[in-house]
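Structure first, commentary second.
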Amino acid sequence: MRIATVIKQVPDSNASIRVLADGSGIETAGLKMVCDPFDEFGVELAVQLREKRSDVEEIVAFTVGPEKASEIIRTALAMGADRGVHVCDPAFASRNEIFLAEVLAAAIRKEGKSFDLILCGKQNIDLDSGELGPALGEFLDLPHVGATTFLEVAADGKSFKARRRIEGAEEAVECGTPALLTIEKGLVEPRYPSLPNLMKAKKKPVAVLTAKDLPGLDGASVGTALLSLTPPPPRPPCKFVEGEPEQMARELVRLLREEAKVV
Amino acid sequence: MTNDILVFAEQRTGKVNPVTYQAFSVAKHLATKTGGAVHACIIGKGVREIAAGLGGYGAKKVFVADDAELEFYRALPYARALTAAIDAPDPRIVLLPATFMGRDLAPRVAARKRAALATDCVSVDVAADGLHVRRTLFSGKVFGEYKLVGDRLQMVSIRANAFPAAPKQDGSPEIVNVPLLLTDSDRRLQLTEIVRTGSGVKDVTEAEIVVSGGRSLKSEANFKIIYELAEALDGAVGASRAACDAGYQPHSRQVGLTGKVITPKLYIACGIDGAIQHLAGMRGSKVIVAINTKKEAPIFNVANYGCVADLFTLVPLLTQEFRKLRHHA
Ligand SMILES: Cc1cc2nc3c(=O)[nH]c(=O)nc-3n(C[C@H](O)[C@H](O)[C@H](O)COP(=O)(O)OP(=O)(O)OC[C@H]3O[C@@H](n4cnc5c(N)ncnc54)[C@H](O)[C@@H]3O)c2cc1C
Ligand SMILES: Nc1ncnc2c1ncn2[C@@H]1O[C@H](COP(=O)(O)O)[C@@H](O)[C@H]1O
């Protein structure tokens with residue numbers, strides 16, 4: 001089996017995000033960047049599949065991002081991926097996930113040999129859109145399972161059973177490989193790479209691709225343009241309800257009924 | 001391309017997802033600007049009766065893909081059906097609910113149709129150069145204003161509870177059958193079962209009121225008081241990641257960055273600190289109540305009402321008060 005994982009470098013979830021005064025972007029100086037937590041689920045799942053089975057030939061981590069994004073390829077390699085493909089070109093600097101999916105599809109196709117499983121995060125915590133996985137499935141003509149919470153690959157690697165999260169339920173599905181899955185929280189817990197593995201990762205190969213290597217991607221599929229960013233509207237200050245617990249409960253219920261009118 | 005607007009009416013087992021009606025109110029607003037008509041499309045098995053009912057929400061025509069193979073959602077057959085339903089009226093704009101289904105389906109269809117797509121929008125309007133939308137980025141820490149390029153199909157999914165629902169009126173739509181031509185490649189994935197999670201209790205994405213508990217609940221058994229309060233409010237139970245990771249609640253109830261992102265009418269956080277990753281999942285709620293023993297807890301920075309109190313004392317008292325209220329109503 002060959003497994004591709006798609007990863008992206010994003011601001012750490014703990015970081016506060018400052019919008020530039022002109023609204024054109026965010027302050028990146030000093031911003032801690034990490035591998036997207038959902039994408040790490042995908043890498044972890046790939047590595048666990050290799051640990052459980054004897055037929056996983058190769059795990060390749062793909063990313064589109066600036067030079068700095070090579071850091072997360074190293075993270076994936078230290079977790080257990082074999083090699084990386086880093087698509088890096090200002091021509092591909094985009095906040096449109098359908099376009100990014102098209103770029104990734106070209107990079108994956110360029111490999112020549114196909115992958116049995118392509119694993120992506122359910123969504124990325126920078127763009128909050130979840131468009132990348134399903135769109136990549138479409139561009140590669142693969143079926144996809146979105147928001148996967150369970151995966152069991154058949155012994156021969158030719159099919160799998162999976163579950164995906166929906167409102168209040170899970171859908172159980174069966175599908176042949178090759179296929180693409182986007183991974184939800186709960187399926188696996190990403191490991192922290194050990195120091196020896198971080199050292200080993202430095203020796204694993206990473207191919208860097210530019211626009212020259214992926215001809216025909218002119219950005220014509222980019223259907224959206226970001227006009228401006230703004231901080232979220234401030235929430236009103238908190239009204240503290242005082243008193244002994246019994247009073248407090250009565251007063252809160254009154255406020256929710258008469259003032260907020262939500263119960 | 002026409003100036004029409006097509007609403008994807010989401011149904012599961014014959015029940016229309018309520019966000020669909022919110023999409024209709026957006027569609028009506030946009031139609032007054034584009035000068036086009038509002039249409040709907042519905043995909044499923046035995047959905048003709050529901051289709052007829054959509055006229056009451058403003059659909060002039062309803063494009064129906066009704067087929068045994070469409071009984072349950074699967075991305076590829078639904079993408080095939082939706083593409084056909086779009087091709088028939090050739091609308092300028094397609095609106096979908098940003099539900100699990102809408103989020104799964106829209107990118108696939110947008111990639112196929114080379115459409116412009118904006119997901120999970122909280123405002124949508126027509127401008128001279130195409131649609132302008134607002135949506136959140138960086139897990140709710142920033143709002144972004146986007147333009148959808150106007151020379152192609154524009155697809156927008158709308159966030160639950162960000163818009164009012166269209167009122168039901170009279171109206172009988174023209175029903176148009178959409179031919180479904182599935183290929184073998186559309187059948188690569190099979191659905192075998194739909195399993196309810198969270199022991200059949202309402203899901204956080206389905207409720208107008210959500211009561212959540214954190215690590216401070218200390219055990220699964222102690223969550224009973226959270227369930228009782230939720231029940232008194234006809235709401236759902238949520239939890240912080242710390243509570244889920246400790247096994248007090250299943251992951252399906254986790255609210256936050258790596259859990260569910262919800263926008264209920266009322267969110268009651270009980271013993272939840274308000275870590276930035278938790279806020280990512282609930283800061284869009286209309287009214288937020290925080291119950292916490294620590295006055296400095298960051299949850300109070302986003303709360304409308306705060307109670308500095310021990311949840312083990314206050315939550316049962318609140319349940320009693322709400323029960324009384326129901327009793328009198
Ligand atoms: C990549 C990443 C993703 C994450 N995703 C999520 C996510 O999706 N959702 C999420 O929730 N978290 C998420 N987290 C974790 C998050 O950072 C916090 O660790 C978590 O939210 C803390 O949960 P908590 O508030 O229940 O626990 P704590 O931080 O332990 O807070 C407990 C709170 O309860 C109060 N308390 C204690 N006893 C009582 C009492 N008797 N009565 C009233 N109040 C009491 C305390 O004052 C405190 O404020 C994520 C973290 C990372 C790094
Ligand atoms: N050289 C590059 N190659 C690929 N992606 C990039 C490059 N530079 C920036 N990006 C990505 O493009 C997006 C927009 O970046 P920017 O326009 O620099 O704000 C971000 O997700 C960046 O990570």
Side-chain angles (χ1 to χ4, degrees), chain A residues 11 13-14 16-17 19 26 37 98 101 125-131 134-135 137-139 143-147 165-176 185-186 221 223-232 235-236 238-241 245-246 248-250 252-253 255-256 260 262-263, chain B residues 75-76 99-100 103-104 107-108 110-112 114-119 136-139 141-149 152 188-198 203 205-206 233 251-252 257-258 265-266 276-277 287 300 302-307 309 313-314 317-318 321-322 325:
Chain A
S13 64
N14 272 315
S16 46
I17 304 287
V19 175
I26 60 164
I98 304 235
I125 64 169
D126 57 346
L127 300 178
D128 296 357
S129 93
E131 293 164 20
E138 179 68 19
F139 287 127
H144 81 269
V145 181
R165 182 161 290 159
I166 61 169
E167 290 85 357
E170 288 185 344
E171 294 175 344
V173 300
E174 288 180 14
C175 188
K185 190 222 167 199
S221 73
T224 57
L226 186 60
L227 300 174
S228 69
L229 293 173
T230 47
R235 291 195 68 100
C238 181
K239 193 181 239 181
F240 283 95
V241 185
E246 288 78 9
M248 202 185 251
R250 268 195 304 276
L252 178 63
V253 172
L255 287 166
L256 291 175
V262 287
V263 292
Chain B
L76 289 169
T99 49
F100 280 83
R103 280 170 161 260
D104 201 61
R108 224 159 165 142
R112 190 171 296 185
R114 299 272 156 188
L117 170 65
T119 307
T136 67
L137 289 94
F138 302 103
S139 37
K141 291 174 198 166
V142 174
F143 274 76
E145 176 104 16
Y146 286 81
K147 177 179 90 176
L148 279 76
V149 180
R152 65 193 78 179
R188 283 176 285 182
L189 180 143
Q190 293 303 321
L191 182 110
T192 51
E193 200 186 351
I194 295 181
V195 191
R196 274 307 284 189
T197 48
D203 188 61
T205 51
E206 298 169 314
L233 288 162
H251 291 298
S252 60
L257 183 78
T258 46
K265 199 167 73 175
L266 174 61
I276 202 159
Q277 295 91 354
V287 173
F300 290 121
V302 298
N304 301 69
Y305 300 104
C307 297
T313 315
L314 188 62
L317 290 170
L318 278 173
E321 289 298 319
F322 283 120
L325 210 66

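In what follows, chains are A, B, ... by sequence order, proteins preceding strands, each numbered from 1. No experiment lies behind these values; they were computed from the predicted model shown.
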For this session: For residues Leu314(B) and Pro245(A), report the shortest heavy-atom separation together with the two atoms involved.
Result: CD1-O, 3.6 Å
Problem set entry | Distance-minimising heavy-atom pair for Arg152(B) and Gly223(A) | NH1-CA, 3.9 Å
Seminar exercise, completed: Whatever's closer than 4.5 Å to a heavy atom in chain A on Leu189(B) counts as both
Problem set entry | Per-residue contact mode, Leu257(B) against chain A (heavy atom under 4.5 angstrom) | both
Exercise. Given the options Gly144(B), Ala116(B), Pro107(B), Ala309(B), which has more heavy-atom pairs under 4.5 Å with chain A than any of the others?
Worked result: Pro107(B)
Exercise. Say you draw a straight line from CG of Leu252(A) to OH of Tyr305(B); how long is it, rounded to the nearest 0.5 Å?
Worked result: 8.5 Å
For this session: Please name the pair of heavy atoms, one in Ala111(B) and one in Glu138(A), separated by the smallest distance, quoted to 0.1 Å.
Result: CB-CG, 3.8 Å
Seminar exercise, completed: Residues at least two apart in sequence or cross-chain that pass side chain to side chain donor-acceptor pair (under 3.5 Å) with Arg188(B), listed by chain then number, are Asp141(A)
Problem set entry | Separation between CD of Glu246(A) and OG1 of Thr313(B), rounded to the nearest 0.5 Å | 9.0 Å
Seminar exercise, completed: Taken to the nearest 0.5 Å, the spacing of Arg165(A) CZ from Thr197(B) OG1 works out to 7.0 Å
Seminar exercise, completed: When the 4.5 angstrom heavy-atom criterion is applied to Val262(A) and chain B, the contacting part is both
Exercise. Quick one: does His144(A)'s side chain get under 4.5 Å of Asp104(B)'s, heavy atoms only?
Worked result: yes
Exercise. Do you know the tightest heavy-atom contact between Val253(A) and Phe322(B)?
Worked result: CG2-CZ, 3.7 Å
Exercise. Does some side-chain heavy atom of Leu137(B) sit less than 4.5 Å from a side-chain heavy atom of Leu127(A)?
Worked result: yes
Exercise. Between Arg103(B) and chain A, which part of the residue has a heavy atom less than 4.5 Å away: side chain, backbone, both or neither?
Worked result: both
Seminar exercise, completed: So CD1 of Ile166(A) and CD1 of Ile194(B): to nearest 0.5 Å the spacing works out to 5.0 Å
For this session: Please report the shortest heavy-atom distance between Cys307(B) and Val241(A), naming the atom on each side.
Result: SG-CB, 4.1 Å
For this session: Could you pull out all residues at least two apart from Lys141(B) that satisfy salt bridge (charged side-chain N to carboxylate O under 4.0 Å, His left out)?
Result: none
For this session: Against chain A, label Glu206(B) side chain, backbone, both or neither, depending on which of its atoms sit under 4.5 Å from a heavy atom there.
Result: side chain
Problem set entry | Side chain / backbone / both / neither for Leu233(B) at chain A, heavy atoms under 4.5 Å | side chain
Exercise. Can you tell which of Pro232(A), Ala147(A), Ala260(A), Ala135(A) has the highest number of heavy-atom pairs within less than 4.5 Å of chain B?
Worked result: Pro232(A)
Seminar exercise, completed: Scored by heavy-atom pairs under 4.5 Å with chain B, the best of Gly186(A), Gly146(A), Pro37(A), Ala225(A) is Ala225(A)
For this session: Mind checking the CG-CZ spacing from Leu229(A) to Phe143(B)? Nearest 0.5 Å is all I need.
Result: 11.5 Å
For this session: Counting only heavy atoms closer than 4.5 Å, note whether Leu266(B) contacts chain A via side chain, backbone, both or neither.
Result: side chain
Problem set entry | Residue, of Val263(A), Asn14(A), Val19(A), that accumulates the most heavy atom pairs under 4.5 Å with chain B | Asn14(A)
Exercise. Are the side chains of Thr99(B) and Glu167(A) in touch, meaning some heavy atoms are under 4.5 Å apart?
Worked result: yes
Seminar exercise, completed: Here the gap from Phe139(A) atom CZ to Arg112(B) atom CZ, rounded to the nearest 0.5 Å, amounts to 11.0 Å
Problem set entry | Region of Gln277(B) in contact with chain A, defined by heavy-atom distances below 4.5 Å | side chain
Problem set entry | Among Ala249(A), Ala172(A), Gly176(A), residue most engaged with chain B (heavy-atom pairs, under 4.5 Å) | Ala172(A)
Exercise. Ile98(A) and Ala110(B): which non-hydrogen atoms are nearest, and at how many Å?
Worked result: CD1-CB, 3.8 Å
For this session: With a 4.5 angstrom heavy-atom cut-off, could you sort out which part of Pro143(A) is near chain B: side chain, backbone, both or neither?
Result: both
